Amino acid sequence: MAEANTSSRTRSRRSNAQNRGKSGSRGPRKTPEKPRQAAPKAADKPATETAEKSAFDPIVFSRDEDLKAYREMLLIRRFEEKAGQLYGMGLIGGFCHLYIGQEAVVVGVQFALKQGDQVTTTYRDHGHMLATGMEPRGVMAELTGRRGGYSKGKGGSMHMFSREKNFYGGHGIVGASVPLGTGLAFANQYRDNGAISVTYFGDGAANQGQVYESFNMAKLWDLPVVYVIENNQYGMGTSVARASATTELCKRGQSFDIPGHQVDGMDVRAVKAAADFAAEHARSGKGPIILEMLTYRYRGHSMSDPAKYRSKEEVQKMRTEHDAIEQVKQRLLGEHKLSEDEVKEIDKEVRAIVNDAAEFAQNDPEPDPSELWTDIYVEA
Amino acid sequence: MPTEILMPALSPTMEEGKLAKWTVKEGDEVAAGDVIAEIETDKATMEVEAVDEGTIAKILIGEGTDAVKVNTPIALLLMEGEDEADLREAGGARKSNGAAHPNGDAAEAAPAQGEAKAASEESESGKLGRADGPVSVLVAMDKAEPPEEPEVPEGTEFVEQTVREALRDAMAEEMRRDGEVFVMGEEVAEYQGAYKVTQGLLAEFGARRVIDTPITEHGFAGLGVGAAFAGLRPVVEFMTWNFGMQAMDQIINSAAKTLYMAGGQMGCPIVFRGPNGAAARVAAQHSQDFAAWYSHVPGLKVIQPHTAADAKGLLKAAIRDPNPVIFLENEILYGQTFPVPELDDFVLPIGKAKIARKGGDATIVSFGIGMTHALQAAEALAEEGIDCEVIDLRTLRPMDMDTVIASVKKTNRCVTVEEGWPQSSVGSFIAAELMAKAFDWLDAPVLSVTGKDVPMPYAANLEKLALPSAKDVVAAVKAVSYAD
Ligand SMILES: Cc1ncc(C[n+]2csc(CCOP(=O)(O)OP(=O)(O)O)c2C)c(N)n1
Ligand SMILES: [Mg+2]
């Protein structure tokens, strides 16, 4: 585990909608020093780039929790595999970034969220959408550019939204989702509605300037935002070490006094534990927090990735030794005493959902040509 | 010879101010850096410091005097070795040539003063503007122009207001009306706005709704867009639009396009506003007109008002609009005064041009500060018997081409006026539209008067050359009229 902030160094500041109103100023606040929130204990070993350590010892999952985690992660995996297939068949165009390998991150984080919390992410967004409860049919039909897609076929893989599920995109510009998610948190604070905003971005995005502009404002105003850095070790073909002067991305909030934690993003229980902690932190008015999820994408960056920058062995090792879904499956079969058949039954149900989505996405008509001219402006 | 102390400018666009107070009297010795007076403008109060050491020999402008023009001598300073005799001599000299300017030695030593001399001589001889501000003299004419406001019910009273006050009132009224409207930007709260547009808002609405941001345009623009996605109604001020360029990705990729990419789900009710275009003497990085840039983008609405009434009515409309609106103001116009209708809720329609002056011989189309040149040219042309119709677009997107086309069908000639660069300008779009939709009515090619195709220079004379002027407009109208 790596804890980004040591409690002695930091000067904690506090503000929320109410006390800002009272003080009448967003200027430098003179709140007395106060001890930093008790954080999980630091591990004795320094963090490395493997996904073996966790700031949050895996909490024990009940049978139901593991069943839910298994089902949801498997849905994402099967969905993505199907999307890859449809892409190969020419039914999905353009860029298509698969989430295979990273499923534990969104599923674990989503477990910690409450009704009304918002989620924002990048273009690698299919998993996030399924985790927030968006319909597989609508997501897949958007991938195929059909009228039943979440954006009526006008957004595509990278740009989907659901007001109903509080999913705020799906953004194609690396780093751009970070101020947006911060703005959602701003709105929560403005309305004092108790909701938090979870803002996902990649290890590559973590080097964008606007990320730090956002960190600064988020801490300055103590906005209720959880920044989840999905460190899958690569931004396209560039490894973290080749792109980042410092590779422990959980520490990237240090100069803003934003605490950060590195988490084993391949263990859904560790993710859930970290997300519980972070959500509570943000929700209770302590301001932003960073979770660096150490994870891995098994597939290429997008469908057209030559994968020359990493070895097959590296990928294989992650798949066989750390696969998030396999870990849960072993617990289901072991300590939760499910039979092989019961697990297979889940697999079957998930496959059926995905096949149905794919079927829908292939048969749904393309958008009406008149849609070219709609949704440019909201009628005033 | 005594040294003249001149009325200083607090900002590049200041033209005059009030000499509020003398803190020295005649006969006082002063050292460089001593405060000698206080001056006030509608934006700020500032102390005037002595630059040289000497004795205040004569106070030329009494305290409490309003509207003292920049560069007017306000006092005479006798330096070491000079005495009363010098003063008398200087007095005679002043009387004889009438123009206030520093003595020859000083002018040579200080280029800034030399410039001031050029300015005062020029305005005296009735030419336009002062050396560092191309349009200042046009104010009077704007004031004289009777308000053509079909949007206002008959019998409405008007109050004289600056554009700055009108913008502030628009925000304040909308903030009173809707608790989800907030203002955010650099120096908008405690400093009261870098150009004092948000004056008084912090006091009325508090720090929750009037928010000073760090200097982080890309970040706070994106944060504003996120807040707008959530349904809040941010008014994001850029200190100037030059700095808004840092935020262009969020404005275009996030604010303008998301509704479409979301199949209509994710509206973005946000206003980005601030001064646009050349201020005065701030050179290339601080003097750019972004009207053509933003008007290019589907998903954005783009407004650039000229008068205070339009500024108010359109800003209120912009804040209520459910779409992202780019609201382009102008620093030079901020201090200009226009009649504004006294109505409880004066909202103008976005996307409607205004005929600012009726005429039948040629159509001049402009917007924002270009209107000052357009109206001034129309005045001059009228004296020569060319009667121009002047259209103020007010909104650049959606553009009210119907009004332009209707006018051109009447006049058969068109000249466009804008401060931006010529290539891919607003004018070139209008010319193309007219060619496609009113070709048979045109008796001459459409001409565009624009800023010159160069980065904005600093030197006063070059800056003047770079900017469009009423003279350019007159020449263009004569050309399309085939008049000498
Ligand atoms: C501003 C910007 N620059 C470049 C790109 C092209 N691009 C798309 S994804 C990507 C890599 C991002 O890597 P990372 O943030 O680690 O996310 P991951 O793809 O690993 O999920 C790049 C360079 C872009 N979309 N936006
Ligand atoms: Mg990555």
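In this text, all values refer to a predicted model and were calculated from it rather than measured experimentally. In what follows, every chain begins at residue 1, and chains take the letters A, B, ... in the order their sequences are listed.
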Item to complete: Please state whether the side chain, the backbone, both or neither of A/Thr120 comes within less than 4.5 Å of a heavy atom of chain B.
Response: neither

Worksheet entry | Which atoms of A/Glu371 approach chain B - backbone, side chain, both or neither, heavy atom under 4.5 Å | backbone

Worksheet entry | chain A contact via B/Leu300 - side chain, backbone, both or neither, heavy atoms under 4.5 Å | backbone

Fill in: Short side-chain to backbone donor-acceptor contact, B/Gln265 and A/Arg163, under 3.5 Å
yes

Worksheet item: Hey, what do you get for OH (B/Tyr260) to OH (A/Tyr377), rounding to the nearest 0.5 Å?
Response: 12.5 Å

Item to complete: Would you confirm whether B/Arg208, through its side chain, and A/Tyr190, through its main-chain N or O, come within 3.5 Å as a donor-acceptor pair?
Response: yes

Response to the item:
Residue from A/Ala176, A/Ser214, A/Gly181, A/Ala185 scoring the most non-hydrogen pairs under 4.5 Å with chain B is A/Ala176

Practice prompt. On the 0 to 90° scale, with breaks at 30° and 60°, tag the B/Phe229-A/Tyr168 ring pair as parallel, tilted or perpendicular.
Written response: parallel

Worksheet, complete the sentence: Separation between OG1 (B/Thr213) and CH2 (A/Trp221), nearest 0.5 Å, reads 6.0 Å

Fill in: B/Lys257, part contacting chain A, at a heavy-atom distance under 4.5 Å
neither

Worksheet, complete the sentence: Most heavy-atom pairs under 4.5 Å with chain A, out of B/Pro324, B/Gly264, B/Pro322, belong to B/Pro322

Fill in: Which atoms of A/Ile173 approach chain B - backbone, side chain, both or neither, heavy atom under 4.5 Å
side chain

Worksheet item: Is the CD atom of A/Gln362 crowded by more than 12 outside heavy atoms at less than 6.0 Å?
Response: yes

Practice prompt. Kindly indicate, with the supporting measurements, whether the criterion side-chain contact (heavy atoms from CB on, under 4.5 Å) is fulfilled by A/Glu213 and B/Phe220.
Written response: CA-CA 8 Å; A/Glu213 298 189 26; B/Phe220 70 70; over 6 Å; no

Response to the item:
Output for pair (B/Leu223 CG, A/Leu184 CG), nearest 0.5 Å, gives 9.0 Å

Discussion item. Can you confirm whether B/Gln285 is buried at CD, in the sense that more than 12 heavy atoms of other residues, nucleotides or ligands lie under 6.0 Å from that atom?
Written reply: no

Worksheet entry | Side chain / backbone / both / neither for A/Phe215 at chain B, heavy atoms under 4.5 Å | neither

Worksheet item: Where the side chain of B/Asn323 meets the backbone of A/Val378, is there a donor-acceptor pair that is under 3.5 Å apart?
Response: yes

Item to complete: Name the region of B/Glu217, side chain, backbone, both or neither, that has any atom closer than 4.5 Å to a heavy atom of chain A.
Response: backbone

Worksheet entry | Distance, nearest 0.5 Å, that separates CG of B/Leu232 from CZ of A/Phe186 | 7.0 Å

Response to the item:
Given A/Gly155, A/Gly149, A/Ser151, A/Gly153, the one with more heavy-atom pairs under 4.5 angstrom with chain B than any other is A/Ser151

Discussion item. Within this structure, what is the OG1-NE2 distance for the pair B/Thr258 and A/His159, rounded to the nearest 0.5 Å?
Written reply: 8.0 Å

Worksheet entry | Contact residues of residues 238-252 of chain B (partner chain A; heavy-atom separation under 4.5 angstrom) | B/Asp249, B/Gln250

Fill in: Heavy atoms from other residues, nucleotides or ligands near CG of A/Leu372 exceed 12 (cutoff 6.0 Å)
yes

